[in-house]
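The structure appears below as structure tokens.
A quick note: this is a predicted structure, and the numbers were derived from the prediction, not measured. Here, residue 1 is the first one in the sequence, and each next residue gets the next number. These numbers come from the heavy atoms of this one structure, side chains and all, not from hydrogens, waters or symmetry mates.
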Amino acid sequence: LSVKSTLIIYIRYAFSADAEPVTMLLDLVELESKTAQSIYDVLISVLSKHGLTAEVLARRWLCLTTDGCSTMLGKKGGLHTLVKSKYPNVLSWHCAAHRLELGVADALKSVNATNHFKSFIDELHKLYSMSPKNQAELEKVSGKLGEELAKIGRVFTVRWVASSYRAVHAVWKSYDALAEHFLLASADQKRSSSEREKFKGLLKHLLSVDFVYGMCVMLDTLSELSTLSLDLQSNSISITEANTKMKLACRSLTSLKTKPGPFEQKMESKFSNHALKAHVKGITPIPKSQFIQAIVDSLNSRMFSAANSDSLFYNQLVSALTILNPSTWSPANLDDITFGDKSISFLCETFRLGDKTALVGKFREFVDSGGRRVDLVGAITSAVSVIAVSSAECERGFRAMNGIMTKYRASMKTETLSSLLFIQTACPPQELYAPVAQEHAKIWIRTGRNSAIESSSMAKQKHDWSKDEKKGL
């Protein structure tokens with residue numbers, strides 16, 4: 001599959017107004033072409049194959065959530081545009097977790113000083129990931145210092161922002177070991193002169209006040225963004241919950257501009273044993289206020305919309321959904337039983353909930369009950385809960401796929417992989433049916449078929465069945 005283009009499709013649904021929404025793998029299919037039209041044709045074909053005909057989709061399809069590539073969200077010929085041309089009532093939603101990544105990327109581009117920080121962390125990753133010798137020496141030094149060594153990864157790549165936080169935190173956690181290793185390696189006569197000079201330069205960079213301060217700023221910022229990213233990737237998060245968490249993250253980041261964060265507060269005590277040097281040549285300090293403001297501006301620009309910067313519809317949707325929460329009602333609202341009529345009508349039209357007048361009446365009863373009769377607005381809350389705020393489940397599916405598609409299964413067909421992926425992601429835990437499965441596996445192998453880890457030879461080993469064995473079957 002490394003040379004094949006595949007489309008993974010998840011479906012999120014609820015059977016009834018009082019049922020929790022379920023997210024499930026629908027299919028993994030191979031693409032002949034990566035154009036929007038080809039993806040659209042494959043998508044509709046797969047939906048039809050699973051019983052979701054054009055008539056069913058016209059009545060039940062509420063939303064399409066994807067990442068933000070032009071093939072998906074292109075205004076002229078993207079997948080969302082093609083879907084809405086046939087199903088105009090389907091909502092377009094740009095994955096919130098992916099939008100967060102794009103917002104962070106925008107901020108990094110606008111603050112050039114972050115490039116130096118990123119380059120240094122990537123250099124550390126390369127230094128130890130590509131050299132077992134360097135890794136072994138670092139582990140030895142870490143053991144002598146009594147420190148737990150953390151794996152240093154790359155930052156601001158295609159992975160989620162939480163991965164970047166872990167990579168920078170690994171440098172923070174392994175700082176003493178890194179400094180000691182650089183010092184020893186720079187004086188190691190068994191290394192070439194160029195290698196020794198390289199480690200001297202790394203040590204000089206590591207012991208720079210500007211780098212250490214930049215690391216603290218990055219950790220404080222990435223800590224907030226990492227928490228937000230993980231929240232947005234949750235399968236159960238709703239639109240209103242996501243909106244609240246995004247606003248809180250922006251406020252928390254804004255407060256970091258004027259006061260030190262948790263890591264910055266620990267800076268003096270953490271690095272008191274090291275002779276840090278200020279104004280080291282070649283190291284550009286990260287302007288804290290500018291960097292954090294760039295992050296906040298990017299989040300405000302990208303996060304508060306449904307898709308294609310449709311902020312007007314997004315704000316109208318969030319405002320309408322807010323009235324379903326009784327804690328947002330003011331005394332003036334309770335005096336006017338009709339205060340939510342317009343919002344409920346908007347939600348009914350957006351989610352195609354049928355009898356608008358009846359639902360408006362039920363909401364009035366909901367208000368009259370003081371917000372206790374939640375069953376009265378169950379149809380609305382159920383429809384809203386079906387909206388997938390992020391497409392992180394698809395990313396988890398691809399990760400699970402990589403675990404199935406091992407080197408022993410290089411020739412596996414996409415259809416087989418799709419079936420195995422469905423079993424892994426949607427079926428009950430293995431321990432519930434392990435005893436039965438083991439017996440079936442034994443019978444499978446006895447009849448001459450190959451196991452998943454069989455050698456490349458396809459020769460079948462026939463088993464001579466005894467009468468007792470045949471009776472056992």
**Request:** Could you list the residues that satisfy ring pair (Phe, Tyr, Trp, His ring centres under 6.0 Å) with His274, not counting sequence neighbours?
**Result:** Tyr175
I'd like a table of donor-acceptor pairs (distance under 3.5 Å, sequence neighbours excluded) in which one partner is a side-chain atom from residues 154-173, with atom names and distances.
{"from": "Thr157", "atom 1": "OG1", "to": "Arg159", "atom 2": "N", "distance (Å)": "3.4"}
{"from": "Trp160", "atom 1": "NE1", "to": "Gln233", "atom 2": "OE1", "distance (Å)": "3.4"}
{"from": "Ser164", "atom 1": "OG", "to": "Phe156", "atom 2": "N", "distance (Å)": "2.7"}

**Request:** Kindly compute the distance separating OG (Ser385) from CD1 (Ile380), expressed to the nearest 0.5 Å.
**Result:** 12.0 Å
**Item:** Test item: Leu178 and Ile152 side chains (from C-beta on) under 4.5 Å apart, heavy atoms
**Value:** yes
**Message:** Any non-hydrogen side-chain atom of Glu395 less than 4.5 Å from a side-chain atom of His98?
**Reply:** yes
**Request:** Output, in order, the C-alpha distance, side-chain angles, deciding distance and verdict of side-chain contact (heavy atoms from CB on, under 4.5 Å) for Thr35 and Thr71.
**Result:** CA-CA 7 Å; Thr35 63; Thr71 306; 5.9 Å; no
**Request:** Could you check Leu321 against Phe346 for side-chain contact (heavy atoms from CB on, under 4.5 Å), going step by step and ending with a plain yes or no?
**Result:** CA-CA 10 Å; Leu321 291 173; Phe346 170 77; over 6 Å; no
**Message:** How about CZ on Arg59, more than 12 heavy atoms from neighbouring residues, nucleotides or ligands closer than 6.0 Å, or not?
**Reply:** yes
Between side-chain atoms of residues 104-116 and protein atoms elsewhere (two or more places apart, or another chain), which donor-acceptor pairs fall under 3.5 Å?
{"from": "Asp106", "atom 1": "OD2", "to": "Arg302", "atom 2": "NE", "distance (Å)": "2.5"}
{"from": "Asp106", "atom 1": "OD2", "to": "Arg302", "atom 2": "NH2", "distance (Å)": "3.2"}
{"from": "Ser110", "atom 1": "OG", "to": "Ala107", "atom 2": "O", "distance (Å)": "2.8"}
{"from": "Thr114", "atom 1": "OG1", "to": "Leu108", "atom 2": "O", "distance (Å)": "3.2"}
{"from": "Thr114", "atom 1": "OG1", "to": "Val111", "atom 2": "O", "distance (Å)": "2.7"}
{"from": "Asn115", "atom 1": "ND2", "to": "Asn112", "atom 2": "O", "distance (Å)": "3.4"}

**Request:** Determine whether Thr350 and Leu62 make a side-chain contact, defined as any pair of heavy atoms from C-beta on separated by less than 4.5 Å.
**Result:** no
**Prompt:** Is there a donor-acceptor pair under 3.5 Å between the side chain of Thr244 and the backbone N or O of Thr240?
**Reply:** yes
**Message:** With rounding to the nearest 0.5 angstrom, report the CG to OG1 distance, Asn235 to Thr23.
**Reply:** 4.0 Å
**Prompt:** For Lys49, what residues pass the side chain to side chain donor-acceptor pair (under 3.5 Å) criterion, not counting sequence neighbours?
**Reply:** Asp27
**Item:** Salt bridge flag under 4.0 Å for residues Glu393 and Arg396
**Value:** yes
**Message:** To the closest 0.5 Å, what do you measure between OG (Ser45) and NE2 (His50)?
**Reply:** 9.0 Å
**Asked** Is the cationic atom of Lys266 (NZ for Lys, CZ for Arg) positioned less than 6.0 Å from the six-membered ring centroid of Phe263 and within 45 degrees of its normal?
**Response** yes
**Message:** Between Trp93 and Ser390 (side chain of the first, backbone of the second, donor and acceptor by atom type, cut-off under 3.5 Å), is there such a pair?
**Reply:** no
**4.5 Å side-chain heavy-atom contact, Lys245 and Leu232** = no
**Prompt:** Under 3.5 Å, is there a donor-acceptor pair between the side chain of Ser319 and the main chain of Asn315?
**Reply:** no
**Asked** What is the minimum heavy-atom distance between Ala400 and Leu421, and which atoms define it?
**Response** CB-CD1, 3.7 Å
**Request:** In plain terms, say whether Asp122 and Lys126 are close enough for a salt bridge, that is, a side-chain N and a carboxylate O under 4.0 Å apart.
**Result:** no
**Message:** Given 3.5 Å as the limit, does a donor-acceptor pair link the side chain of Ser142 with the main chain of Leu138, or not?
**Reply:** no
**Asked** Any donor and acceptor pair, going by atom type alone, linking the side chain of Arg12 with main-chain N or O of Ala388 inside 3.5 Å?
**Response** no
**Prompt:** So does Lys133 have more than 12 non-hydrogen atoms from other groups sitting under 6.0 Å from NZ?
**Reply:** yes
**Request:** Go through the steps for Lys288 and Glu264 under the test salt bridge (Lys or Arg N to Asp or Glu O under 4.0 Å), then give the verdict.
**Result:** CA-CA 11 Å; Lys288 176 183 175 180; Glu264 189 178 343; 2.8 Å; yes
**Request:** For residues Val377 and Ile344, determine if any side-chain heavy atom of one lies less than 4.5 Å from a side-chain heavy atom of the other.
**Result:** no
**Fill in**
Across all chains, not counting sequence neighbours, the side chain to side chain donor-acceptor pair (under 3.5 Å) partners of Ser194 are Ser192
**Request:** List the steps and the verdict of side-chain contact (heavy atoms from CB on, under 4.5 Å) for Leu324 and Thr381.
**Result:** CA-CA 8 Å; Leu324 297 176; Thr381 56; 4.2 Å; yes
**Message:** Side chains of His80 and Tyr40 only: does a donor on one sit below 3.5 Å from an acceptor on the other?
**Reply:** no
**Request:** Might you work through the salt bridge (Lys or Arg N to Asp or Glu O under 4.0 Å) test for Glu32 and Lys4, ending with a clear yes or no?
**Result:** CA-CA 9 Å; Glu32 295 183 359; Lys4 295 181 180 179; over 6 Å; no
**Request:** Can you measure from CG (Asp210) to NE2 (His205) and round to the nearest 0.5 angstrom?
**Result:** 9.0 Å
**Message:** Run Leu28 and Phe422 through side-chain contact (heavy atoms from CB on, under 4.5 Å) and show every step you take.
**Reply:** CA-CA 9 Å; Leu28 175 74; Phe422 179 83; over 6 Å; no
**Item:** Any donor-acceptor N or O pair under 3.5 Å, side chains Asn325, Ser327
**Value:** yes
**Asked** Do you know the tightest heavy-atom contact between Leu79 and Ala36?
**Response** N-CB, 3.8 Å
**Prompt:** For the residue pair Leu100 and Leu225, what are the closest heavy atoms and their distance?
**Reply:** CD2-O, 3.8 Å
**Prompt:** Between atom NZ of Lys118 and atom CE of Met218, what is the distance when rounded to the nearest 0.5 Å?
**Reply:** 10.5 Å
**Message:** I'd like to know whether Glu197 forms a salt bridge (Lys or Arg N to Asp or Glu O under 4.0 Å) with Lys200, so could you lay out the CA-CA distance, the side-chain angles of the two residues, the decisive distance to 0.1 Å, and finally the verdict.
**Reply:** CA-CA 5 Å; Glu197 288 301 318; Lys200 284 181 182 178; 3.5 Å; yes
**Prompt:** Under 3.5 Å, is there a donor-acceptor pair between the side chain of Thr221 and the main chain of Val217?
**Reply:** yes
**Message:** Less than 4.5 Å apart, side chain to side chain, heavy atoms only: is that true for Cys63 and Thr65?
**Reply:** yes
**Asked** Looking at CG of Leu25 and OG1 of Thr425, how far apart are the two atoms once the value is rounded to the nearest 0.5 Å?
**Response** 4.5 Å
**Message:** Counting C-beta onward and ignoring hydrogens, is there a side-chain heavy-atom pair between Val280 and Lys204 closer than 4.5 Å?
**Reply:** yes
**Request:** Please report the closest heavy-atom contact between Leu145 and Glu180, naming both atoms and the distance.
**Result:** CD1-CB, 4.4 Å
**Asked** With no hydrogens and no angle check, is any side-chain donor or acceptor of Ser186 less than 3.5 Å from a backbone partner on Leu183?
**Response** yes
**Prompt:** For the side chain of Asn300 and the backbone of Val296, is there at least one donor-acceptor N/O pair under 3.5 Å apart?
**Reply:** yes
**Message:** If you compare all heavy atoms of Ser391 against all heavy atoms of Asp67, which two are closest, and at what distance to 0.1 Å?
**Reply:** OG-N, 4.2 Å
**Item:** Ser343 side chain vs Gly340 backbone, donor-acceptor pair below 3.5 Å
**Value:** no
**Non-hydrogen side-chain atoms of Thr254 and Ile292 separated by less than 4.5 Å** = no
**Request:** Return the set of residues passing ring pair (Phe, Tyr, Trp, His ring centres under 6.0 Å) with Phe117 (not counting sequence neighbours), or none when no residue passes.
**Result:** Phe211
**Message:** For a quick test of reading the model, state the closest non-hydrogen atom pair linking Leu347 to Leu353 and the distance between them.
**Reply:** O-CD1, 4.1 Å
**Request:** Could you tell me whether Arg191 and Glu137 have a side-chain N and a carboxylate O separated by less than 4.0 Å?
**Result:** yes
**Request:** For the pair Ser305 (side chain) and Ser311 (backbone), establish whether a donor and an acceptor sit closer than 3.5 Å, ignoring hydrogens and angles.
**Result:** no
